Visitor: 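Once you've had a glance at the structure underneath, I'll fire off some questions.
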Amino acid sequence: MSSATAAATATIAAAAAAAAAKLAATPAPAPSRRRLTLRGNPTARRGVAAMAVSTPRSAAAAAFLERRESERALHFVKYQGLGNDFIMVDNRDSAVPKVTPEEAAKLCDRNFGVGADGVIFVMPGVNGADYTMRIFNSDGSEPEMCGNGVRCFARFIAELENLQGTHSFKIHTGAGLIIPEIQNDGKVKVDMGQPILSGPDIPTKLPSTKNEAVVQADLAVDGSTWQVTCVSMGNPHCVTFGTKELKVLHVDDLKLSDIGPKFEHHEMFPARTNTEFVEVLSRSHLKMRVWERGAGATLACGTGACAVVVAAVLEGRAEQKCVVDLPGGPLEIEWREDDNHIYMTGPAEAVFYGSAVH
């Protein structure tokens, strides 16, 4: 997240607190709204001409969510999970996304659009699921799933359906059935399913090194031989704890913008890959940075944190229950022996409500 984006988020949060206090002292005023005109090259911003934003309040939220959309105005709620931010769209009335991948990329632009790591659609459920989740990355590509995104998805559903307390949902995704549960403390615990370790199913062209799994395999990148373990959480991950020459990796020293794309587009990953760079703090505490396929460097990646714990266990570096520190904050990850499922627990919060012309 850029310093400008962080400052804007802080300003919105402060405005929300002040507005909430004023709302409590006065009888049911109409929601305050600010008009933000997105400036810049008219051609570059053709996909998103203007955006109206209101700060999160329960009364304003209810009024906003009940509004009808015009032909060109897209209503959305901006959510974030540990700084991994998404434009959430209520798409329950159709199995077709309300914006195209190209329009999603423009909406995600942090200079000429709303700004986000992706656009997520809440769609009708299929095959017995309560809902379907689809997501377009900031480059317009469509991943199978997103761990931080599914936590935001669950909180958004609770807001749309006006649900209180603990609730769980069956979510159909490109990675299969995912079951998030909203807990009493507001965090979301997600059953992420079983990790996939077979190389061709991840997919990777790297040969297996441990049964059918690709564990501590050699991968030549940018003149160095990195040791990598490959895991799929329904989407591909390449996890590394360092190179053969550098046994201990200090992740804060990495320049992700240089090294990340070389992993993502490596010929050994036919569907491209997410890449996690990991520093072991203890057997129950890991630190990671991530380069996400289709989104670049992000503040958090839920499926990536799950893949990191799996890789750390397979390499004998960690226990099966860990705290994983990401730039945006910590996630609790557990790989259970009884069902072989990965469970992820972390926060998800609404940031603001808006409308975009598309």
Side-chain angles (χ1 to χ4, degrees), residues 84 101 105 117-118 134-149 173-176 192-246 249 251 254-279 286 288-298 300-315 317 324 326 342:
N84 201 189
D117 292 320
R134 288 186 64 182
I135 176 172
F136 293 149
N137 284 324
S138 57
D139 68 350
S141 61
E142 182 172 3
E144 299 85 352
M145 224 283 288
C146 174
N148 287 312
T173 75
M192 300 288 287
Q194 300 185 22
I196 297 168
L197 302 178
S198 171
D201 295 332
I202 290 174
T204 178
K205 295 179 181 178
L206 288 169
S208 60
T209 58
K210 186 177 181 180
N211 298 325
E212 294 184 357
V214 179
V215 179
Q216 289 185 300
D218 290 346
L219 182 69
V221 179
D222 201 26
S224 297
T225 301
W226 295 77
Q227 292 190 310
V228 303
T229 293
C230 298
V231 180
S232 172
M233 293 302 305
N235 55 352
H237 293 271
C238 172
V239 180
T240 181
F241 296 85
T243 66
K244 276 191 169 182
E245 301 79 16
L246 182 66
L249 187 63
V251 296
L254 290 171
K255 191 170 182 181
L256 283 186
S257 59
D258 286 345
I259 193 69
K262 295 173 183 177
F263 276 85
E264 178 185 357
H265 297 281
H266 199 286
E267 62 182 357
M268 290 293 103
F269 304 107
R272 297 189 293 163
T273 189
N274 302 282
T275 308
E276 290 76 31
F277 302 88
V278 192
E279 184 175 340
L286 307 173
M288 64 170 270
R289 293 179 67 193
V290 60
W291 181 268
E292 290 197 53
R293 178 186 61 166
T298 62
C301 177
T303 55
C306 295
V308 161
V309 171
V310 172
V313 171
L314 292 175
E315 294 192 19
R317 300 176 185 270
V324 181
L326 303 101
I342 309 290

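Just so it is clear, the model here is predicted, and its values are computed rather than measured. Below, each value reflects all heavy atoms present in this structure, side chains not excepted, and no hydrogens, waters or symmetry copies.
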Visitor: Salt bridge or not between E264 and R272? Use side-chain N to carboxylate O under 4.0 Å.
Guide: yes
Visitor: Begin with the C-alpha distance, continue with both residues' side-chain angles, and end with the deciding distance and a verdict on ring-ring contact (aromatic ring centres under 6.0 Å, His included) for W226 and F277.
Guide: CA-CA 11 Å; W226 295 77; F277 302 88; 5.8 Å; yes
Visitor: Determine the minimum heavy-atom distance between G304 and E276, stating which atoms define it.
Guide: CA-OE2, 3.4 Å
Visitor: Is the backbone N or O of S141 less than 3.5 Å from a side-chain atom of D139, with the two atoms forming a donor-acceptor pair by type?
Guide: yes
Visitor: Test side-chain contact (heavy atoms from CB on, under 4.5 Å) on I342 and Q194 and set out the steps.
Guide: CA-CA 6 Å; I342 309 290; Q194 300 185 22; over 6 Å; no
Visitor: May I ask you to test the V228-C238 pair for a side-chain heavy-atom distance under 4.5 Å?
Guide: yes
Visitor: Establish, from distance only, whether the side-chain atoms of D222 and S224 form a donor-acceptor pair under 3.5 Å.
Guide: no
Visitor: Measure the CZ-CG distance between R293 and N137 for me, rounded to the nearest 0.5 Å.
Guide: 7.5 Å
Visitor: For S138 and A295, work out which heavy atoms get closest and say how close.
Guide: OG-CA, 3.6 Å
Visitor: Between N235 and T303, do the side chains contain an N or O donor and an N or O acceptor separated by less than 3.5 Å?
Guide: yes
Visitor: Using a 3.5 Å distance criterion without hydrogens, assess whether the side chain of T209 forms a donor-acceptor pair with backbone atoms of A217.
Guide: no
Visitor: For T243 and T225, run side-chain contact (heavy atoms from CB on, under 4.5 Å): C-alpha distance rounded to whole Å, both residues' side-chain angles, the deciding distance at 0.1 Å, then the answer.
Guide: CA-CA 6 Å; T243 66; T225 301; 5.9 Å; no
Visitor: Is there a side-chain contact between V290 and T298, using heavy atoms and a 4.5 Å cut-off?
Guide: yes
Visitor: Using a cut-off of 6.0 Å, state whether more than 12 heavy atoms not belonging to D258 lie near its atom CG.
Guide: yes
Visitor: Please name the pair of heavy atoms, one in M192 and one in C306, separated by the smallest distance, quoted to 0.1 Å.
Guide: CG-SG, 3.9 Å
Visitor: Check for a donor-acceptor pair, side chain of H266 on one end and backbone N or O of P261 on the other, with a separation under 3.5 Å.
Guide: no
Visitor: Are V214 and S198 side-chain neighbours, meaning at least one heavy-atom pair lies under 4.5 Å?
Guide: no
Visitor: Using side-chain heavy atoms (C-beta onward) and a distance below 4.5 Å, is L219 in contact with L206?
Guide: yes
Visitor: What's the spacing between I202 CD1 and T273 OG1 if we round to 0.5 Å?
Guide: 8.5 Å
Visitor: If I take atom CG from residue L197 and atom SG from residue C230, how far apart are they, to the nearest 0.5 angstrom?
Guide: 10.0 Å
Visitor: What distance do N274 atom CG and C301 atom SG have between them, rounded to the nearest 0.5 Å?
Guide: 5.5 Å
Visitor: Keeping the roles fixed (side chain from K244, backbone from D218), state whether a donor-acceptor pair exists under 3.5 Å.
Guide: no
Visitor: Is the shortest side-chain heavy-atom distance between E292 and D117 below 4.5 Å?
Guide: no
Visitor: Salt bridge check: are R134 and E142 linked by an N-O gap of less than 4.0 Å?
Guide: yes
Visitor: Within a strict 4.5 Å, meaning less than it, do heavy atoms of the T204 and P236 side chains meet?
Guide: no
Visitor: Supply the atom-to-atom distance E315 CD to Q216 CD, rounded to the nearest 0.5 angstrom.
Guide: 4.0 Å
Visitor: How close do G140 and A105 get, counting heavy atoms only, and between which atoms?
Guide: N-CB, 4.1 Å
Visitor: Counting only N and O atoms by type, is there a donor-acceptor contact under 3.5 Å from the side chain of T240 to the main-chain atoms of Q227?
Guide: yes
Visitor: Quick check for you: to the nearest 0.5 Å, what is the distance between F263 atom CZ and M268 atom CE?
Guide: 13.0 Å
Visitor: Ignoring hydrogens and angles, tell me if any N or O in the side chain of R289 forms a donor-acceptor pair with the backbone of L326 under 3.5 Å.
Guide: no
Visitor: Please find the pair of heavy atoms, one from G302 and one from N148, that lie closest to each other, and give the distance.
Guide: N-ND2, 3.1 Å
Visitor: With no hydrogens and no angle check, is any side-chain donor or acceptor of T173 less than 3.5 Å from a backbone partner on M145?
Guide: no
Visitor: Distance alone, cut at 3.5 Å: any donor-acceptor contact between the side chains of H237 and T275?
Guide: no
